[in-house]
Amino acid sequence: MTAKLDYRWRLRQVMASQEMFSTAALRPLLAERGIELSGSQVYRLVTERPERLSLKVLMALLDILDCSMEDLIEPIEAGAAAQPRRKAAGAEAGIGDLRPKRANIVS
């Protein structure tokens with residue numbers, strides 16, 4: 001019997017590993033490669049699991065983040081995808097210990 005497979009979308013984690021913590025930073029990089037997406041489309045691409053994805057967008061993401069498809073798309077068993085996603089208030093889901101550097105404000 002064949003196992004039913006699903007996938008985990010890891011764009012947010014890959015961006016965080018490259019110290020890219022803002023979805024807005026991705027939009028001009030996509031535009032340089034001919035991919036015109038609105039701010040809300042880029043936000044949904046990063047924060048949600050896409051059901052349909054253009055291969056041009058995927059190739060642009062791989063080029064921007066200098067990663068492989070295995071880094072962005074993790075195959076998993078179908079039952080493992082349905083995990084509760086609620087976190088405590090203020091907890092950043094999905095990027096582990098990676099955090100942006102604290103800004104120093106000089107007046």
Side-chain angles (χ1 to χ4, degrees):
M1 180 180 250
T2 319
K4 294 188 179 192
L5 296 177
D6 206 351
Y7 66 95
R8 185 171 291 131
W9 184 240
R10 301 189 67 244
L11 178 58
R12 189 175 194 169
Q13 293 89 345
V14 174
M15 286 177 60
S17 71
Q18 304 272 336
E19 296 189 7
M20 189 183 300
F21 296 99
S22 172
T23 60
L26 196 55
R27 190 172 179 205
L29 298 172
L30 287 168
E32 287 175 6
R33 290 156 178 84
I35 309 294
E36 295 293 333
L37 297 176
S38 69
S40 63
Q41 288 173 318
V42 173
Y43 178 81
R44 285 194 310 269
L45 180 65
V46 173
T47 60
E48 298 175 8
R49 190 178 88 146
E51 293 296 322
R52 295 178 303 276
L53 182 64
S54 162
L55 289 178
K56 289 183 180 183
V57 172
L58 179 60
M59 292 298 110
L61 290 171
L62 295 177
D63 181 47
I64 290 166
L65 299 168
D66 192 30
C67 65
S68 68
M69 266 196 329
E70 291 80 19
D71 296 330
L72 282 181
I73 304 168
E74 177 187 352
I76 57 173
E77 289 187 34
Q83 297 175 358
R85 299 187 57 101
R86 293 219 166 234
K87 297 282 182 179
E92 193 67 30
I95 60 172
D97 293 333
L98 300 169
R99 297 286 180 262
K101 292 181 172 71
R102 184 175 296 276
N104 291 326
I105 300 174
V106 179
S107 52

Using atom types as modelled and distance alone, determine if a side-chain donor or acceptor of [X] lies under 3.5 Å from a backbone N or O of [Y].
X   : Y   : value
W9  : E51 : no
R33 : L29 : yes
E74 : R8  : no

Under a 4.5 Å cut-off applied to non-hydrogen side-chain atoms, are L72 and L58 in contact? yes
Is the closest side-chain heavy-atom distance between L45 and L53 below 4.5 Å?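 Yes. Closest side-chain heavy atoms under 4.5 Å.
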Hey, what do you get for [atom1] ([X]) to [atom2] ([Y]), rounding to the nearest 0.5 Å?
X   : Y   : atom1 : atom2 : value
Q13 : D71 : CD    : CG    : 11.0 Å
R10 : L65 : CZ    : CG    : 11.5 Å
R44 : T23 : CZ    : OG1   : 11.5 Å
I35 : Q41 : CD1   : CD    : 11.0 Å

Same apolar cluster (I L V M F W Y, side chains within < 4.5 Å links), M59/V57: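 Yes: a chain of side-chain contacts under 4.5 Å links M59 to V57.
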Can you give me the closest heavy-atom contact between [X] and [Y], atom names plus distance?
X   : Y   : value
D6  : A78 : CB-CA, 3.8 Å
V46 : R12 : O-CB, 3.9 Å
R27 : L37 : NE-O, 2.8 Å
M15 : S22 : CE-O, 3.7 Å

Atom OH of Y43: over 12 foreign heavy atoms under 6.0 Å: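 Open: at most 12 neighbouring heavy atoms sit under 6.0 Å from OH of Y43.
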Crowded around M69 CE? As in, over 12 foreign heavy atoms under 6.0 Å? no
L61 vs L30, test: side-chain contact (heavy atoms from CB on, under 4.5 Å). Steps then yes/no. CA-CA 8 Å; L61 290 171; L30 287 168; 4.2 Å; yes
